[in-house]
2 protein chains.
Amino acid sequence: MNSVAARPRIKDVAEYAGVSPKTVSNVINNFEHVSERTRAAVQEAIDALGYRVNIAGRQLRQGRTGMITLAVPELDVAYFAELAKHVMDEAAARGRTVLLHSTEAVRERELAALHGFDAQFSDGVILSPLALNPRDLATRDRRLPVVLLGERPAGGSTDHVGIDNVRAAREATEHLLSRGRRRIAVVGGAVRGRQGTDRLRTDGYREALGAAGVPFDADLVIPVGAYHWRDGARAATWLVERGLCPDALLCLNDHLALGALRALHEHGRSVPGDLDVVGFDDIEASRFSVPSLTTVAPDKREIARAAVSLLLERIDAPDGAALRDHVAGHRIIVRESTGG
Amino acid sequence: MNSVAARPRIKDVAEYAGVSPKTVSNVINNFEHVSERTRAAVQEAIDALGYRVNIAGRQLRQGRTGMITLAVPELDVAYFAELAKHVMDEAAARGRTVLLHSTEAVRERELAALHGFDAQFSDGVILSPLALNPRDLATRDRRLPVVLLGERPAGGSTDHVGIDNVRAAREATEHLLSRGRRRIAVVGGAVRGRQGTDRLRTDGYREALGAAGVPFDADLVIPVGAYHWRDGARAATWLVERGLCPDALLCLNDHLALGALRALHEHGRSVPGDLDVVGFDDIEASRFSVPSLTTVAPDKREIARAAVSLLLERIDAPDGAALRDHVAGHRIIVRESTGG
DNA sequence: CATGGCGATTACATCGATGTAAATATGTCG
DNA sequence: CGACATATTTACATCGATGTAATCGCCATG
């Protein structure tokens with residue numbers, strides 16, 4: 001009663017079907033030179049015994065698992081959860097399974113992902129780095145195929161997929177400028193020394209200001225600890241209480257923007273009456289907030305598709321093609337928070 | 001230049017250190033009878049070669065990977081993303097790694113999780129089922145330790161962790177009743193035949209109504225397709241346009257509630273002026289919505305901790321203890337949407 | 001100095017699947 | 001009908017790590 005039948009091995013299937021283990025393997029792997037008779041017999045044995053391949057054994061022999069890892073900073077940032085869904089869809093369509101991994105934006109854990117430490121069972125990694133610096137990237141283990149998402153790697157030793165962050169931020173800023181806004185704060189903006197996506201977006205913001213002849217005011221760049229509601233709320237509160245009187249907020253993700261909306265509401269500021277607010281990412285929440293949120297929508301499906309494609313190609317030809325950099329599309333979705 | 005050094009094996013380390021492979025293994029696994037000298041020498045070799053154990057090899061030999069799988073319906077439902085974070089924390093504290101898996105609430109994929117199909121590399125599975133029926137659970141593979149989250153399994157062949165859904169819903173309903181609400185709609189409520197968490201919560205709702213002598217109105221039970229903003233918005237719109245005139249919405253998760261808030265706003269209904277709204281899960285968004293959302297907050301940390309503990313115990317003693325059912329705590333957090 | 005005891009180390013087999021190369025079956029053609 | 005090509009199947013070794021059991025070395029004891 002208590003004793004559980006051991007998991008059947010390929011050998012058991014072979015005996016049951018009266019063939020050799022290798023023949024069973026051939027059936028499983030759809031080797032072409034297997035007669036219909038044997039194939040049927042083996043399949044029957046597999047079904048009868050409830051056999052499933054042992055991936056450990058297979059990997060040991062083949063060095064492949066058919067799985068890829070997606071490592072993102074935080075799953076409770078909706079953008080990454082939504083992106084993960086697309087990556088899983090795309091991988092499934094290509095016959096792969098995705099192992100999802102959250103690094104919590106901790107450098108060590110991002111490094112671990114790069115080195116395949118937690119990801120040993122996977123053939124390659126799609127990594128969205130936040131805390132990694134270029135030096136870290138340079139020291140990565142070349143044996144593990146990697147595709148980076150988000151910020152473009154400085155060293156440039158991996159394939160990369162992202163949107164044109166500078167342009168996206170410029171366009172978003174232009175949208176605000178076109179509505180007559182002049183004191184535009186950047187929530188989550190990059191201060192000196194920062195190198196990530198925030199830097200690129202802040203640069204785009206400055207480009208737009210410059211082109212419009214609006215002076216740049218460093219006080220309006222508000223760095224944040226993380227990219228959550230609470231950080232956006234804190235930043236907005238800071239702006240209001242300091243009396244910095246911005247007439248628009250360019251928030252570097254939607255969570256920040258939504259948190260800011262709340263704080264502005266608490267302080268009696270009306271959006272878009274008193275200020276405009278814009279976010280990045282187009283998460284589902286932004287369509288349903290009050291007011292709904294104008295945002296820069298990256299083409300998540302395209303990003304996912306490109307990332308999976310690049311990774312699979314890299315897996316199939318490790319020393320193959322030159323490095324590639326896929327720039328995915330984006331568009332600005334105007335909603336109530338900027339009068340849309 | 002192009003050729004990459006092969007990944008070092010335990011044998012390479014052994015040769016480098018001048019010992020046998022088994023001794024290296026002993027060092028890696030902290031076997032006690034290894035002299036300090038050898039241990040140091042081996043460690044040096046490991047560092048010098050950059051050796052990392054090959055988990056496939058280890059699993060093949062030991063049958064263990066030190067990884068556990070967490071399979072949730074949808075990661076873009078914030079509750080699951082937040083829960084996942086807690087599970088990962090807890091697992092890390094216990095020296096395990098979590099493989100995250102999203103089933104998209106598809107029965108086949110939940111079954112696959114139960115059967116360890118995608119999860120072969122893990123020693124056990126924490127599964128939050130949505131689409132599985134009791135029969136599916138009965139046919140599960142007993143070799144893979146499983147802990148179920150959420151609804152309690154009917155058959156009862158696995159350990160289980162959840163909150164007291166009936167009581168939680170009753171309390172939430174009582175809160176609304178105490179504010180004088182009488183026409184309370186249940187968004188996401190269970191219609192005949194449903195067996196999941198929605199059923200339990202709907203039952204709790206009816207209990208509260210009954211105790212207060214408020215008649216049950218089946219028209220106020222609004223089933224939804226999924227538990228997203230859009231579904232909540234749709235349900236609220238339906239209620240308003242049908243003229244069903246509820247004076248409160250008990251939404252079975254926060255996403256539904258937040259979507260409903262938006263729809264009510266669009267229809268010019270004030271919350272909590274015209275209606276109250278309550279959700280379940282206490283996701284971060286609910287603290288920052290306008291109005292902020294009253295919600296039933298399950299103790300996610302406790303749930304994660306209990307789930308990991310039960311699973312690890314089950315892994316260590318597969319035929320061991322009797323089935324266990326951990327009921328985690330919950331509390332109602334009153335916010336603006338019910339006048340808090 | 002021989003012997004026993006114990007800690008440290010090693011040889012070997014094994015986990016499950018599959019690549020290689022060889023063996024066997026099947027079929028074709030003159 | 002025989003020779004040869006082709007299609008199927010098989011024996012064996014191997015991937016990397018580790019459990020088992022045996023061996024080695026050292027020290028204490030009689």
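Chain letters run A, B, ... following the sequence lines, proteins first and then strands; every chain starts at 1.
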>> Base contacts versus sugar-phosphate-only contacts with protein, heavy atoms under 4.0 Å: please encode nucleotides 8-18 of chain C as B, S and - from 5' to 3'.
In response: SBBB-BBBBBB
>> B:D89: which residues meet the salt bridge (Lys or Arg N to Asp or Glu O under 4.0 Å) condition with it, sequence neighbours left out?
In response: none
> With sequence neighbours excluded, what pairs up with A:P8 under the side-chain contact (heavy atoms from CB on, under 4.5 Å) test?
Replying inline: A:D12, A:L49, A:Y51, B:R143
> Considering the terminal five base pairs at each end of the helix from C:dC1-D:dG30 to C:dG30-D:dC1, what angle separates the two local helix axes, rounded to 10°?
Replying inline: 50°
Applying side chain to side chain donor-acceptor pair (under 3.5 Å), can you list everything that pairs with [X], at least two apart in sequence or on another chain?
X: B:E104; value: A:K85, B:S102
X: B:N29; value: B:S25
X: B:D325; value: B:R152, B:H160
X: A:D47; value: A:Q43

> Tell me the ring-ring contact (aromatic ring centres under 6.0 Å, His included) pairs involving residues 13-39 of chain B, sequence neighbours left out?
Replying inline: B:F31-B:H33
